[in-house]
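Following: one structure in structure tokens, then a few remarks.
Each residue takes its place number in the sequence, starting with 1. First listed ligand is number 1; within each ligand, the first listed atom is number 1.
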Amino acid sequence: MSTPLVLVTNDDGINAPGLAALAEALAPLGDVYVVAPEREQSTVGHALTLHRPLRVDRLAERRFAVNGTPSDCVNLAVLGLLPAEPKLVVSGINHGSNLGDDVTYSGTVSAAMEGTLLGIPSIAVSLVGPEQGGFEEAGKVARLIAMRTLVEGLPAKTLLNVNVPGGRPKGIRFTRLGHRVYKEKMVEEKDPRGKTYYWIGAGPPLWDDREATDIIAVQDGYVAVTPLHLDLTHYGALRRLGDWEAPLNAQLRPRRKG
Ligand code: MN
């Protein structure tokens with residue numbers, strides 16, 4: 001069997017220590033290619049660059065910096081920068097958690113979504129307390145999960161969102177996404193020129209504390225592995241709301257009474 005290609009990307013930028021730690025941790029698994037944004041792109045979500053040219057800087061044989069988003073990087077890598085299609089996409093190690101509802105804002109998770117949409121098994125890895133270090137432990141966890149994914153594959157349209165607590169994890173738990181509770185206030189202030197500005201997301205995040213979520217697992221000192229599905233259709237709602245179809249159509253094109 002030939003050596004698999006592994007694509008590593010992130011949203012913290014090409015120079016982030018978490019990216020280097022991930023590439024190093026995955027090196028035993030195959031030929032690791034790094035294609036990452038040239039500067040930090042945290043919270044850009046799933047944005048793609050379609051209205052300006054993308055430039056690629058080849059820093060080494062298998063290391064590229066892109067003036068775009070994490071999703072741009074995955075696209076460019078898969079569509080041509082790499083010599084063949086990667087067998088695995090791993091995004092991270094993000095400097096900070098990507099838990100619960102926050103996954104929808106995350107550039108790290110979006111890169112893994114992009115890989116999944118392109119039909120490649122993909123994993124997002126985040127470290128909850130990056131200021132205390134811990135990239136080495138997180139890299140070890142990433143390698144174990146990546147190895148298993150290379151062998152077993154993943155269900156269709158499914159990616160793994162991995163959050164590693166700071167320090168030495170007590171173990172690994174498979175979890176569901178938790179929910180963020182929005183109690184924080186919007187900050188409204190004046191700038192030095194007297195113009196009003198606003199600041200959102202300023203307070204510490206508050207989370208629900210129900211069982212079996214990624215948030216609880218990480219709080220308990222465990223690695224949280226949450227499978228995320230990219231078919232966002234709510235099939236139950238589709239069945240229930242199907243009743244709306246006929247009356248809405250009647251309103252859209254009322255039949256003239258003869
Ligand atoms: Mn980030």
Side-chain angles (χ1 to χ4, degrees), residues 6-26 32-49 54 57 59 63-77 88-117 122-139 141-142 145-146 159-167 169 177-178 180 184 199-205 207 214-215 217-218 223-226 228:
V6 177
L7 171 62
V8 167
T9 189
N10 75 346
D11 77 354
D12 295 320
I14 189 82
N15 293 316
L19 181 75
L22 182 60
E24 198 185 314
L26 298 182
V32 173
Y33 283 76
V34 175
V35 183
E38 64 180 11
R39 59 187 69 185
E40 192 181 342
Q41 297 283 322
S42 294
T43 71
V44 295
H46 207 155
L48 274 184
T49 305
L54 288 168
D57 216 356
L59 306 170
R63 193 175 146 82
F64 304 80
V66 178
N67 66 341
T69 67
S71 295
D72 291 332
C73 291
V74 174
N75 268 292
L76 288 180
L88 186 70
V89 175
V90 189
S91 175
I93 300 167
N94 190 57
H95 296 212
S97 64
N98 277 303
L99 294 163
D101 302 328
D102 284 354
V103 297
T104 56
Y105 309 106
S106 165
T108 306
V109 176
S110 292
M113 286 182 181
E114 197 62 31
T116 306
L117 291 174
S122 300
I123 303 167
V125 185
S126 304
L127 176 61
V128 176
E131 42 303 305
Q132 287 107 45
F135 285 116
E136 208 172 309
E137 279 289 330
V141 170
I145 295 171
L159 65 98
L160 298 180
N161 184 41
V162 179
N163 278 274
V164 183
L177 286 183
R180 190 197 246 274
E184 61 205 34
W199 206 279
I200 57 170
W207 307 97
D214 52 352
I215 295 151
V218 162
V223 175
V225 182
T226 308
L228 300 181

(request) Mind checking the OG1-OH spacing from Thr9 to Tyr33? Nearest 0.5 Å is all I need. (result)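 One gets 15.5 Å once the value is rounded to the nearest 0.5 Å.
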
(request) State whether the side chain of Thr69 and the backbone N or O of Asp72 hold a donor-acceptor pair below 3.5 Å, judged by distance alone. (result) yes

(message) Distance alone, cut at 3.5 Å: any donor-acceptor contact between the side chains of Asn10 and Thr108?
(response)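 The answer is no; no qualifying pair exists.
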
Quick check: does [X] put an N/O/S atom under 2.8 Å from the Mn ion (ligand 1)?
X	answer
Asp11	yes
Asn94	yes
Ser42	yes

(request) Could you check which N/O/S atom of Asp12 is closest to the Mn ion (ligand 1)? (result)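 In Asp12, the N, O or S atom with the shortest distance to the Mn ion (ligand 1) is OD1.
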
(request) Check Pro70 against Gly107 and note the closest heavy-atom contact, atom names and distance. (result)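 Residues Pro70 and Gly107, closest heavy atoms: CB-O, 3.5 Å.
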
